[in-house]
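Residue numbers begin at 1 in each chain, while the letters A, B, ... track the order of the sequences. Bear in mind the structure is a predicted one, so any value in this text is a computation, not a measurement.
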Number of protein chains: 2
Amino acid sequence: MANQLNLQIDRSSPIPLYHQVVQGIEAAIHTGLLEPGSRLENEIDLAAQLNLSRPTMRKAMDELVRSGLLVRKRGVGTQVVSSQVRRPLELSSLYDDLSNNGSKPTTDVLSFSHEEADASIRKALQLPGGAKVYHFTRLRKVGGKPLALMENWVRDDITALDEASLASQGLYGILRNGGVNFRLASQRIGAMIANDYQAPLLETTPGSALVTMERTAVDDTGRMVETGHHVYRADSYSFEMTLVQR
Amino acid sequence: MANQLNLQIDRSSPIPLYHQVVQGIEAAIHTGLLEPGSRLENEIDLAAQLNLSRPTMRKAMDELVRSGLLVRKRGVGTQVVSSQVRRPLELSSLYDDLSNNGSKPTTDVLSFSHEEADASIRKALQLPGGAKVYHFTRLRKVGGKPLALMENWVRDDITALDEASLASQGLYGILRNGGVNFRLASQRIGAMIANDYQAPLLETTPGSALVTMERTAVDDTGRMVETGHHVYRADSYSFEMTLVQR
DNA sequence: AACATCCTAATGTCAGGACAAACTATTGAC
DNA sequence: GTCAATAGTTTGTCCTGACATTAGGATGTT
């Protein structure tokens, strides 16, 4: 059952060895070289074939198990998960998701201000009294069709924001370029009925279904960087995710 | 800056050392002994204090970073994340969630049958033609108030299902008792408007907002065990989750 | 033929060491 | 006084080695 998953490990590359293995196995699964349900060779042999140590091999497989591509069972072996399950929900922006999908999103900035944060926003972003934030509302369209209505608050002591850049690129892209390294975000997904303000902007009728999302994002220094409330047309958007049992 | 997080490591315990560390640090964070934003001692000293090796200590911290409680930065140190962010979305059932919350869920089984799977269900569960499945619809209430309307399909070659057990406990509990070890699930969350069938059952009006969830669960052998379509009253339920950047 | 027991193979856990890379803060030079 | 080089601290990566635990098949017995 020699799997012959012809991986190439480049020891001079700056990218870590275990990550090269992750990428290689991911590729093998996506190209169909590793079929769903098939068993991999055992860790020790695989490590030996690639001239890697077992801990390195294990670290790679750990990542793949966590991302839901592989399933391990003690005493048995490691299997490719037998499904068309796709990528888990990642910490990314709508703009990135759409861009990666080949669509071309556009953004209308409906309002923009640099104002003092009220109590609820200060609490969400853990800011002291009197702190100022950027507050803006955007309408995201794809293919000319409105998809999302987004209201956000961003702390102003990180990078400068303006209407023009928000209209031309995604918020997370701007912040990343400004040196923000996002680490985690907590979000809540629910549903609501389109009201008289939302409906015309999203080119739907009051009373139609909307998906709602509230999110607060934290950077690698532990600062709350951004919080926002988004609504999406339910007929055009849903959240897909893969949950992995630890 | 001796943190003195008085951890007790029991080497005779059957639970892994790194997991004991995870639990200890989690507890220290939740009790407030480790304050948000505070820095931990470095890995090497911590490991030495507990008479553990650095890899074991690192494995524990890896878990905590992945779950979003800690943030590490090379050359700087490890910090407790400065927020009230809570547990990520886990692979659990609604029944478990409600029970853990102290609520007492009840279940009405609206329909139950053991029937041949149609094409779409066979595809979702990857079953061969002619295979039979359990198909049932349940109404979940908490405190007498209807919360969720759930339609599920379960393969029948794992454990026997009947109306009585579905009425008295959660589906995932039954399956787990039947020897199923869930490994991952892929789900999609969206929104819709209550129709004339759903509204009276959920004691709401047609046209009100519902959260929808479609899920397919896979066990540790890679089999698709269960697929279902659930709707929740939007005013009573939403999905909360924490996303962690890898 | 049915059952309990042993054996093997595979993953799970843990140790100890070595070097690399990144960030901070200090030191030094201009 | 400002800026750049440098040293030190901390996490990141990788190695070798060892033993424990579990699942499942093979073996032997009844």
Side-chain angles (χ1 to χ4, degrees), chain A residues 1-3 9-23 25 38-66 70-81 179-181 183 219-222 245-246, chain B residues 1-3 9-23 25 38-66 70-81 179-181 183 219-222 245-246:
Chain A
M1 184 84 3
N3 253 313
I9 301 298
D10 176 8
R11 294 194 90 93
S12 67
S13 159
I15 107 172
L17 301 183
Y18 69 85
H19 201 250
Q20 292 183 37
V21 176
V22 169
Q23 292 176 329
I25 296 183
S38 63
R39 266 213 306 287
L40 295 187
E41 293 183 73
N42 70 63
E43 306 174 341
I44 302 185
D45 290 349
L46 274 179
Q49 286 174 28
L50 298 175
N51 277 97
L52 296 173
S53 69
R54 179 150 90 109
T56 302
M57 195 67 211
R58 268 187 77 75
K59 173 142 188 173
M61 299 188 124
D62 273 345
E63 299 241 342
L64 292 162
V65 169
R66 253 186 292 132
L70 297 183
V71 164
R72 281 193 292 201
K73 219 169 167 186
R74 189 191 287 201
V76 181
T78 305
Q79 263 189 324
V80 179
V81 72
V180 178
N181 299 307
R183 267 310 134 84
D219 76 356
D220 58 358
T221 65
Q245 181 86 342
R246 302 203 304 177
Chain B
M1 183 92 357
N3 254 313
I9 301 297
D10 177 7
R11 295 194 89 92
S12 67
S13 161
I15 107 172
L17 301 182
Y18 68 86
H19 201 251
Q20 292 185 37
V21 177
V22 168
Q23 292 176 329
I25 297 183
S38 64
R39 266 212 306 284
L40 295 187
E41 292 183 72
N42 71 62
E43 307 174 338
I44 302 185
D45 290 350
L46 274 179
Q49 286 174 29
L50 299 175
N51 276 95
L52 296 173
S53 69
R54 181 152 85 111
T56 302
M57 196 66 213
R58 268 187 76 75
K59 174 141 190 176
M61 298 189 123
D62 273 346
E63 299 241 343
L64 292 163
V65 168
R66 254 187 289 132
L70 297 182
V71 164
R72 281 193 291 201
K73 222 171 167 185
R74 190 191 288 201
V76 181
T78 306
Q79 265 189 322
V80 180
V81 72
V180 177
N181 299 307
R183 267 310 136 86
D219 76 357
D220 58 359
T221 66
Q245 181 86 340
R246 303 201 305 176

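Using a 4.0 Å heavy-atom distance criterion, B:Pro16 is classed as a sugar-phosphate-only contact. Residue-level contact check: A:Thr56 touches the backbone only, with heavy atoms under 4.0 Å from sugar-phosphate atoms and none from bases. Residue contacts for A:Asn51: at a heavy-atom cut-off of 4.0 Å it reaches the sugar-phosphate backbone alone, with no base atom in range.
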Test side chain to side chain contact (heavy atoms under 4.5 Å, CB included) applied to A:Leu52 and A:Arg58, step by step:
CA-CA 10 Å; A:Leu52 296 173; A:Arg58 268 187 77 75; over 6 Å; no
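Partner of A:Gln20 under the side-chain contact (heavy atoms from CB on, under 4.5 Å) criterion, chosen from A:Ile25, A:Thr56, A:Ile9: A:Ile9.
Atom CG in A:Asp62 sits about 15 Å away from atom C1' in D:dC14, given to the nearest Å. Summarising the geometry, the separation between CE on A:Met57 and P on D:dC14 is reported as 13 Å, rounded to the nearest angstrom. Remark: C1' of D:dC15 and NZ of A:Lys59 are 14 Å apart, rounded to the nearest angstrom.
A:Val22 and A:Ala60 get closest at one heavy-atom pair: CG2-O, 3.5 Å. The two residues A:Arg11 and A:Asn51 have their closest heavy-atom pair at NH1-O, 3.1 Å.
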Between the protein and nucleotides 7-11 of chain D, list every N/O to N/O distance that falls short of 3.5 Å.
| residue | atom | partner | partner atom | Å |
| --- | --- | --- | --- | --- |
| D:dT10 | OP2 | B:Asn42 | ND2 | 3.2 |
| D:dT10 | O2 | B:Gly75 | N | 3.1 |
| D:dT11 | OP1 | B:Thr78 | OG1 | 3.2 |
| D:dT11 | OP2 | B:Glu43 | N | 2.9 |

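From the 5' end on, the contacts that DNA chain C makes with chain B at under 4.0 Å to a non-hydrogen atom open and close at C:dT13 to C:dC23.
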Side-chain donor-acceptor pairs under 3.5 Å in residues 70-79 of chain B, sequence neighbours left out?
| residue | atom | partner | partner atom | Å |
| --- | --- | --- | --- | --- |
| B:Arg72 | NH1 | B:Glu43 | OE2 | 3.4 |
| B:Arg72 | NH2 | B:Asp62 | OD1 | 2.2 |
| B:Gln79 | NE2 | B:Gly37 | O | 3.1 |

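Under the side-chain hydrogen bond (donor to acceptor under 3.5 Å, both in side chains) criterion, A:Asp10 pairs with A:Ser12, sequence neighbours left out. With sequence neighbours excluded, the residues forming a side-chain contact (heavy atoms from CB on, under 4.5 Å) with B:Pro55 are B:Ser53, listed by chain and number.
Here the CG-CE distance, from B:Leu46 to B:Met61, works out to 5.5 Å after rounding to the nearest 0.5 Å.
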